[in-house]
Amino acid sequence: MLIRSRSPHDLTESDTTPEALYWNRRTVVAGMLAAGLVPQAVGAVQAAEVNSPLPRLAGKRTRTLDEEWTSYDSVTHYNNFYEFGTGKEDPAERAGTLRTRPWTVRIDGLVAKPQTIDIDRLTKLFPLEERIYRLRCVEGWSMVIPWTGLPLAKLLALAEPLGSAKFVAFETLRDPRQMPGQRSPVLQWPYVEGVRLDEAMHPLTLLALGLYGRVLPNQNGAPVRLVVPWKYGFKSIKSIVRIRLTDRQPPTSWNLSAPNEYGFYSNVNPEVDHPRWSQARERRIGDWLPRKTLPYNGYGEEVAALYRGMNLRRYF
Amino acid sequence: MLGRSGVHMLMALPLLGLVGQWAVAIVTADPRAAGLSAEPIAYSINTLGLWALRSLLLTLAITPLRRATGWGWLAPLRRPIGLWCFAYATLHLSVYFGLNLLGSLEELAKEIAKHPFILFGMAAWALVLPLALTSTRASIRRLGAKRWQTLHRLIYGAAVLAAVHFILRVKGFQIEPWIYAAVAALLVLARVVKLSPLSRR
């Protein structure tokens with residue numbers, strides 16, 4: 001039996017920034033402040049109020065994180081969304097061509113009640129939650145993002161998965177007129193992702209509709225995207241049009257592109273290097289120096305049980 | 001006609017640009033507005049690496065270009081451009097080593113041993129290092145022109161290694177590093193077969 005004396009939301013000592021880095025960053029910022037180099041307090045405030053023309057999308061905050069939020073500007077201008085180009089700022093520049101209304105999400109496959117849900121209905125189906133999660137990119141950078149959305153489990157329950165369903169497959173919109181990056185052979189289109197059903201049903205797994213209290217900007221995967229905070233960012237597929245339950249492991253885009261580099265699981269793991277670079281550290285956007293990467297991106301206490309007994313080097 | 005000081009000025013521009021961007025980023029505390037992206041250190045490493053590769057290819061282009069056009073004034077420009085290649089490569093490596101690996105030699109050794117991508121980059125730098133060290137006239141005299149020239153053929157190896165390093169860097173299939181690799185291959189080939197008909201004059 002699992003006995004937990006404290007809430008899994010609580011951070012442990014190991015979750016926090018190592019003291020050396022902490023002082024380092026503070027010292028740098030403090031020094032710059034003293035020298036009059038920084039006009040405003042960098043990184044002190046976590047203003048929910050952002051300067052954005054996007055409609056508000058409120059959610060009850062159900063999960064906090066005692067780490068500095070990545071600025072809205074960085075969250076929305078440093079994106080990997082190859083449907084709009086391979087440069088980090090390409091999506092912010094080019095995603096204006098994406099039309100997010102009308103938009104529907106098809107849920108089918110091994111479910112009792114296959115259905116097509118309009119995005120505006122999806123927004124109102126369940127009370128929305130705001131959750132502050134870490135995001136760790138496979139490239140070695142990370143952010144802290146306040147997402148607004150609903151647990152994927154609630155939506156899947158609506159469709160009533162059959163007993164034979166073992167995996168959940170996701171698909172991004174395919175339309176090169178809206179997503180000009182799909183004319184490039186950089187990946188096979190449409191972008192597809194997948195997780196095991198128990199990973200999909202895990203309470204941490206979120207379908208995000210917004211961030212920073214506003215609807216998702218196009219470049220962040222509007223109108224609806226997945227957020228699986230203990231996996232590398234590319235698992236969190238953007239602009240979803242289809243969710244299909246299956247009995248076998250579905251193909252996933254980066255795994256198709258380079259199977260030796262990107263596994264199906266892709267759980268954040270500082271012990272298992274990417275073939276081209278180490279995953280031991282990460283560069284938190286807004287920090288000067290890298291920090292240590294945590295197993296399962298710091299969510300091990302909640303998700304490690306999903307992988308008990310598995311060889312994590314083999315199932316990377 | 002471009003002189004040596006003109007070359008130095010031109011080749012310093014990307015570095016001055018980067019330093020200027022850093023100055024703005026520090027003053028405004030907004031690296032993205034300064035053009036350094038949200039990850040100024042990664043951006044700087046990439047930019048320095050790209051200019052190392054560009055100046056390497058430019059160095060290789062001088063002789064075939066001189067042969068094809070007969071422009072003798074190009075010849076003295078090769079050494080300063082080559083030295084800038086070394087400067088950019090060294091800065092590229094230093095920022096990576098100092099800020100990504102926090103100056104740990106142990107980690108650097110691990111990275112080189114485990115990741116071919118890093119190995120190719122390090123090897124390219126190791127090949128241009130002796131060329132920079134023997135770039136003076138005195139070195140040519142000391143080594144003898146023949147031996148000096150043989151040593152400096154290492155630049156072709158560096159070009160190939162650097163191009164592969166770049167190809168290994170990107171995710172998915174991207175065209176840009178292949179364009180650089182094609183240019184590198186062409187320049188190596190140009191020297192091997194002396195493509196230009198003027199060279200036989």
Side-chain angles (χ1 to χ4, degrees), chain A residues 20-21 24 28-29 32-33 35-43 70-71 73-80 82 85-89 92 137-143 181 184-188 234 253-254 256-258 261-262 273-278 280-281 283-290, chain B residues 22-47 50 95-104 106-122 164-179:
Chain A
L21 286 185
N24 204 310
V28 168
V29 173
M32 284 162 63
L33 276 168
L37 289 174
V38 191
Q40 296 118 14
V42 173
T70 305
S71 75
D73 187 66
S74 293
V75 170
T76 57
H77 290 84
Y78 202 72
N79 309 106
N80 280 324
Y82 282 14
T86 53
K88 291 285 184 293
E89 297 187 12
C137 179
V138 74
E139 296 169 347
W141 52 267
S142 65
M143 295 184 177
S184 144
V186 63
L187 283 171
Q188 290 180 39
F234 67 86
S253 284
W254 279 105
L256 291 171
S257 162
E261 299 191 4
Y262 311 100
D273 281 359
H274 184 280
R276 288 183 273 158
W277 53 81
S278 159
R281 286 214 192 89
R283 307 177 299 276
R284 177 66 54 86
I285 303 294
D287 281 2
W288 296 99
L289 295 175
Chain B
W22 269 95
V24 173
I26 289 170
V27 170
T28 61
D30 190 349
R32 194 177 75 76
L36 292 171
S37 90
E39 254 202 293
I41 291 167
Y43 177 91
S44 305
I45 295 174
N46 291 343
T47 304
L50 202 56
V95 178
Y96 161 75
F97 177 62
L99 295 175
N100 257 16
L101 303 182
L102 304 176
S104 159
E106 192 194 328
E107 288 217 18
L108 182 65
K110 246 197 296 187
E111 291 287 306
I112 293 169
K114 282 168 86 175
H115 307 295
F117 155 59
I118 303 293
L119 175 69
F120 276 88
M122 280 303 301
V164 174
H165 172 65
F166 190 18
I167 289 169
L168 291 176
R169 166 75 180 77
V170 301
K171 285 172 30 188
F173 175 75
Q174 296 190 35
I175 195 75
E176 194 189 353
W178 289 98
I179 295 174

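Note that these values count all heavy atoms, side chains included, but never hydrogens, waters or copies made by symmetry. We name chains A, B, ... by the order of the sequence lines, and we start the count at 1 in each one.
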Please name all residues satisfying salt bridge (charged side-chain N to carboxylate O under 4.0 Å, His left out) with [X], sequence neighbours left out, ordered by chain then number.
X	answer
B:K114	A:D273
B:E176	none
B:E111	none

Output the option from [options] having the highest count of non-hydrogen pairs under 4.5 Å with chain B.
options	value
A:P185, A:S184, A:S257	A:P185
A:W277, A:Y262, A:W141	A:W277
A:G140, A:A280, A:P275	A:P275

Measuring heavy-atom distances to chain B, does [X] have an atom under 4.5 Å in its side chain, in its backbone, in both, or in neither?
X	result
A:D73	both
A:E139	side chain
A:T86	side chain
A:R281	side chain

request  = Kindly determine whether B:N100 and A:R283 satisfy side-chain contact (heavy atoms from CB on, under 4.5 Å), including the steps that lead there.
outcome  = CA-CA 8 Å; B:N100 257 16; A:R283 307 177 299 276; 3.5 Å; yes
message = Sort by residue number and list every residue of residues 39-47 of chain B having at least one heavy atom under 4.5 Å from chain A.
response = B:E39, B:I41, B:A42
Quick check: do [X] and [Y] have side-chain heavy atoms less than 4.5 Å from each other?
X	Y	answer
B:F97	B:L108	yes
A:K88	A:N80	yes
A:E89	B:S37	yes

task = Take B:I118 and B:Y96 through the test side-chain contact (heavy atoms from CB on, under 4.5 Å) and record every step on the way to the result.
result = CA-CA 11 Å; B:I118 303 293; B:Y96 161 75; 3.4 Å; yes
ask   = Just by modelled atom types, is the B:L168 backbone N or O under 3.5 Å from a matching donor or acceptor in the A:R276 side chain?
value = yes
message = As a quick check of understanding, evaluate side-chain contact (heavy atoms from CB on, under 4.5 Å) for A:W254 and B:K171, giving each step before the final call.
response = CA-CA 9 Å; A:W254 279 105; B:K171 285 172 30 188; 3.6 Å; yes
key: chain A contact via B:F173 - side chain, backbone, both or neither, heavy atoms under 4.5 Å   = both
